[in-house]
Amino acid sequence: MNKFLRKIMPVVATVLLAGNFSANAQNAQKPITADDTDLPVAAKTFLKKHFDGVTIHEFEKKFWSNSYELELADGTDIDFDSKGRCTEVSAPDYKMLEPSLVRELLPAAACLTLTNDNLIESVEEIEYNPSRGYKVEVRHGTIDDYRFDTAGKLIKVKHDD
């Protein structure tokens with residue numbers, strides 16, 4: 001019995017892997033929409049509002065944190081927590097985030113600071129941490145990023161070195 005299992009297991013593994021590769025190849029050709037995923041409703045709503053019609057290029061659900069990482073077909077990277085709240089969004093290379101998206105993700109005080117500094121249209125990335133607040137990367141000659149607390153109060157402006 002042991003000899004039989006040792007001989008047949010490599011064959012079974014090969015067949016299973018071949019089937020898995022063909023299934024992945026089919027999925028790679030089919031566009032993935034938010035409805036095709038097990039994203040929370042809040043995340044699906046967010047994607048439909050801000051990225052309607054943009055398909056998902058890569059989708060990964062993190063097991064331990066129950067969070068989600070997405071790369072959209074246009075190059076936008078988005079992370080969601082287990083409740084569907086956007087915790088990070090990065091614009092595609094050489095592009096900026098839409099000001100409407102920035103205004104939705106940041107508290108009003110942070111938006112006012114960026115608007116007063118004429119940088120609301122120059123935001124490349126927003127990261128949110130519930131205990132630390134917001135990190136907002138901007139495209140500017142001397143400013144690298146802004147740090148805001150959870151209420152949107154400016155904590156620090158980091159300049160390029």
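- Side-chain contact between Ile143 and Lys158: absent, with no pair of heavy atoms (C-beta onward) separated by less than 4.5 Å.
- In plain terms, the two heavy atoms of Ala109 and Ala151 that are nearest each other are CB-O, 4.1 Å.
- Two different hydrophobic clusters hold Phe51 and Met96 under the rule that ILVMFWY side chains link at heavy-atom gaps under 4.5 Å.
- Within the 4.5 Å cutoff, the side chain of Cys86 has heavy atoms near those of the Leu105 side chain.
- Here the shortest heavy-atom pairing between Pro130 and Thr150 reads O-CG2, 3.3 Å.
- For the atom pair CG (Asp81) and CG (Asn66), the distance works out to 9.0 Å, reported to the nearest 0.5 Å.
- Within the 4.5 Å cutoff, side-chain heavy atoms of Val102 are placed close to those of Ile120.
- No side-chain heavy atom of Tyr134 sits under 4.5 Å from any side-chain heavy atom of Ile155.
- In this structure, the side chains of Phe80 and Leu70 come closer than 4.5 Å at one or more pairs of heavy atoms.
- There is a path of hydrophobic side-chain contacts, each under 4.5 Å, that joins Val157 to Leu106.
- Although no hydrogens or angles enter the test, the distance criterion places a donor-acceptor pair under 3.5 Å between the side chain of Thr45 and the main chain of Val41.
- Pro40 and Gly84 make their closest contact through CG-N, 3.6 Å (heavy atoms, listed as atom of the first residue, atom of the second, distance).
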List the steps, then state whether side-chain contact (heavy atoms from CB on, under 4.5 Å) holds for Glu88 with Glu125. CA-CA 7 Å; Glu88 184 174 343; Glu125 181 176 334; 3.0 Å; yes
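- Here the straight-line distance linking atom OG of Ser90 with atom CG of Leu97 works out to 7.5 Å at 0.5 Å rounding.
- Atom OG of residue Ser65 and atom CG of residue Asp79 lie 9.5 Å apart, to the nearest 0.5 angstrom.
- Legend: residues meeting salt bridge (charged side-chain N to carboxylate O under 4.0 Å, His left out) with Glu124, ordered by chain and number and at least two apart, are Arg139.
- Sorted by first and then second residue, the pairs that involve residues 99-115 and meet side chain to side chain donor-acceptor pair (under 3.5 Å), not counting sequence neighbours, are Lys49-Glu104, His50-Glu104.
- Between Asp145 and Arg147 there is a salt bridge, since a side-chain N of the basic residue sits under 4.0 Å from a carboxylate O of the acidic one.
- Separating the CD atom in Glu69 from the CD atom in Glu60 is a distance of 5.5 Å, to the nearest 0.5 Å.
- In this structure, Arg85 satisfies the cation-pi test against Tyr128, with its NZ or CZ atom closer than 6.0 Å to the six-membered ring centre and inside 45 degrees of the ring normal.
- Taking the side chain as every heavy atom from C-beta outward, Glu137 and Val123 never approach each other to under 4.5 Å.
- A heavy-atom distance below 4.5 Å is not found between the side chains of Leu72 and Asp77.
- Residues Leu39 and Leu47 form a side-chain contact, since some pair of their non-hydrogen atoms from C-beta on lies under 4.5 Å apart.
- The structure places CG of Leu112 at 11.0 Å from CG of Leu154, a figure rounded to the nearest 0.5 Å.
- No more than 12 heavy atoms of other residues, nucleotides or ligands sit less than 6.0 Å from atom CD of Glu121.
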Would you sort out whether Tyr146 and Asp117 count as a side chain to side chain donor-acceptor pair (under 3.5 Å), showing the intermediate values? CA-CA 11 Å; Tyr146 285 78; Asp117 291 350; 2.6 Å; yes
